[in-house]
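Residue numbering restarts at 1 for every chain, and letters A, B, ... go by the order of the sequence lines.
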Number of protein chains: 2
Amino acid sequence: MAVNMKGIARDLGVSTVTVSKALRNHPDISKTTRARILDRVKELGYRPNLTARSLVTGHSSLIGLIVPDLIHPFFADVAKGLSSAVRQRGYFLLISSSEEDPELEAQEIDHMLAHRLDALVIASCQTDPTALRNVQRGETPLILVDRSFKSFPSYFVGSDDYAAGKLATEHLVNVGCRRIAHIRGPENSVGIRRLKGFLDTIRRHGLAIPEENIIRAPRVDVDGKLNGAAALRQMMALPEMADGVFCYNDVIAMGVIKEALSQGINVPEDLAVIGCGNLHYDAEIRVPLSSIDQRSNQIGGRAAKLILEILGSETPMEFQDVILQPKLAARASTERTARSSSTPAKTGAQRRSAANV
Amino acid sequence: MAVNMKGIARDLGVSTVTVSKALRNHPDISKTTRARILDRVKELGYRPNLTARSLVTGHSSLIGLIVPDLIHPFFADVAKGLSSAVRQRGYFLLISSSEEDPELEAQEIDHMLAHRLDALVIASCQTDPTALRNVQRGETPLILVDRSFKSFPSYFVGSDDYAAGKLATEHLVNVGCRRIAHIRGPENSVGIRRLKGFLDTIRRHGLAIPEENIIRAPRVDVDGKLNGAAALRQMMALPEMADGVFCYNDVIAMGVIKEALSQGINVPEDLAVIGCGNLHYDAEIRVPLSSIDQRSNQIGGRAAKLILEILGSETPMEFQDVILQPKLAARASTERTARSSSTPAKTGAQRRSAANV
DNA sequence: TTGAAAGCGCTACCAA
DNA sequence: TTGGTAGCGCTTTCAA
């Protein structure tokens, strides 16, 4: 790798400029010269130093991606889609995880920008958008994915979380649930919108929502299973237990199902459960999980498309939101025939004693 | 971001050299000068251009990682471990997926090297190591993970696949299996060593291995579930069906279990099933899956440690292998009391008709 | 303690 | 069609 353009130029008795142009298929190099140069390049296994090129051209062919968790299948999906879409245009992805820590995320943003990225994609865990605002002050286009911020206009690619909440809740109503609970997510755009979709749908159907049927689960994306189980126990402690529950994500839903079964509550007969994300947990779990597919596999690709547009446009482009429509994926965990809401419900206590027989 | 050292130097009436030194805590800058500079830097939100720095220093603070699949939980684990370990030292990860395509992998290697990485980590899908040999000819340290190559010495971090095969098979023997099948993986170091661990263990116990009990599954890491199901049907077609099976990975094992249950074969009573990888599929599947934990969460961290050693060492370091020892994770899919091998076995045909009753 | 000069490997610009 | 010159933003070296 110690070989550089100067060396090749010297070997062939041409100038570095000629080599440079030949390598980039510049039209004003003669066929024979180009051939000579390419031959030598191949012979030496030479590759132009992209660091040097970046310094001159001002673009790095690097796109940054910061996600809260690299292992989470949703973000892995996003990363994969983004990576494969930009690869074809010669970009690489600089990936980093914020571990759901706003402070760490801010540091990583700062560090990434020092690498002079051509674009920065973030599924941000910030509670307020100050750090992101700083990015926008610079010259690196910022694309938010999954999570956005009120009163912070930006490019955004994500799914319609309000619609997700609506779809899930509507589905529970359709299969006959009348006392529907929601295990809600964090105080970010995603959690808030899913909750709103839930509430509006419940209201539209004239159903009641006792305050205590909205359950708050901490750290939903990390300890989901444990939190789901805990949330279920919380639900059972209520005087009138729900007959359906919309869970913020699939992992929580799985925790709910597991705990329900071990407490003698039948899913879906006693409790219909639906998650959100549709993240490959479908097939082998004991009760295949109904979920809302939020198109995680498309988000990366759409973000890539948006980035390429932004980078290709001469004049500054206006911010835009790309909102993907979620889709119901109904499976066994909500598969029951609609029954009348007049069926008297067992209380949590009743259920528990039934389970202990 | 249009701000650079020259600007700061001009503003403060010092030279760029002074600014540069102050930023890197060079000892020979006076306290007051340094303070003045750092103040101004903070005021402007200035960050040194790492591209320019790289060009001069010759190192990029970039580490490349190429894996066959970004979504595969094993590689996601590796990526996460690697990323978090090198982050603290100021490195970023340039990540790319080869999609299990050797040609594409070779291209990506080439492209990555053009970015003048400080190290390159690959879970390679090459069938022969020529492309990797080319990397070693250059100056970028190459670290293989998960998969290695015979007669290609290099730095390597992975788990002991022979031991994994041995552990899994030993466990099946211990729970009473006597006709043990293996759904084998690809013709790479991982597949071959797990197979060898399997074969040696079977032999050591004086058990028979009819040729047809070693089943070959294509594309094990992509269509695992389908292939697992197909492999099970293949097993059922044999005159004497196995009573235990060691599957190359967890996803195949899940496919086997699913198909077995739907064919009326009880797991683990009729067929004990063990996978390999221990990749978070444990809890909610119908029959919790026994597996071999291959320490995927440690591989990235160990690779990082090795890289930092290599980069820190003045003299060229010798190649070394870091081999992590796998561990049995026994769960329900192999949980049966050892029974005598004299129990007559149903044939696949008999089982099938039983299932159709 | 500070800074002038040189140069990392490449590309842009303009002249030949 | 070719190439000399300048310079991207920084660090290194060495002289002041």
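Nucleotides of DNA chain D nearest to B:V19 and A:K21 differ in position, and the one nearer the 5' end is that of A:K21. Of the residues near DNA chain C, B:P27 and A:P48, the one whose nearest nucleotide (by heavy atom distance) lies more toward the 5' end is B:P27. Checking B:A52 against A:L23, the closest nucleotide of DNA chain C that is more toward the 5' end is the one next to B:A52.
In this entry the distance linking CZ of A:R53 with P of C:dC8 reads 18 Å, nearest Å. As rounded to whole Å, 20 Å separates atom P of D:dT2 from atom CZ of A:R10. To the nearest angstrom, P of C:dT1 lies 9 Å from CZ of B:R34. If you measure from atom NE2 of B:H59 to atom C1' of C:dC8, you get 13 Å, rounded to the nearest angstrom. The CD1 atom of B:I37 sits 9 Å away from the P atom of C:dG3 (whole-angstrom rounding). If you measure from atom NE2 of A:H26 to atom P of C:dC14, you get 13 Å, rounded to the nearest angstrom. Atom pair A:L55:CG and C:dG7:P shows a separation of 17 Å (rounding to whole Å applied). If you measure from atom CZ of A:R116 to atom P of D:dC8, you get 14 Å, rounded to the nearest angstrom.
Residue B:S30 places none of its side-chain N or O atoms closer than 4.0 Å to OP1 or OP2 of C:dT1. Contact between the side-chain N/O atoms of A:T16 and the OP1/OP2 oxygens of C:dC10 is not found at any separation under 4.0 Å. At the phosphate of C:dG9, OP1 or OP2 sits under 4.0 Å from a side-chain N or O atom of A:N4. For A:R24, a side-chain nitrogen or oxygen approaches OP1 or OP2 of C:dA12 to under 4.0 Å. For the OP1/OP2 pair of D:dT11 and a distance below 4.0 Å, the side-chain nitrogens and oxygens of B:S20 include at least one atom meeting the criterion.
For B:M5, whose side chain is taken as the heavy atoms from C-beta onward, the closest listed nucleotide among C:dA12, D:dT11, C:dG9 is D:dT11. Checking C:dC8, C:dA4, D:dT2 against the side-chain heavy atoms of A:K6 singles out C:dC8 as nearest. Closest to the side chain of A:V56, out of C:dT2, D:dT12, C:dC10, is C:dC10.
The neighbour count for A:E103 CD, taken as heavy atoms of other residues, nucleotides or ligands under 6.0 Å away, does not exceed 12.
Using a 4.0 Å heavy-atom criterion, one finds that A:D28 contacts the bases of the nucleic acid, with or without backbone contacts as well. Nucleic acid contact class of B:T33 (heavy atoms, under 4.0 Å, all strands): sugar-phosphate only.
Between B:S54 and B:T51, the side chains place no donor N or O within less than 3.5 Å of an acceptor N or O (distance only, hydrogens not considered). There is no side-chain donor-acceptor pair under 3.5 Å between B:Q126 and B:S124. For the 3.5 Å distance criterion, the side chains of B:S97 and B:E99 qualify, holding a donor opposite an acceptor. Judged purely by distance below 3.5 Å, without hydrogens or angles, the side chains of A:T18 and A:S15 pair a donor atom with an acceptor atom.
Ring pair A:H111/B:F92 is tilted by interplanar angle, where 30° to 60° counts as tilted.
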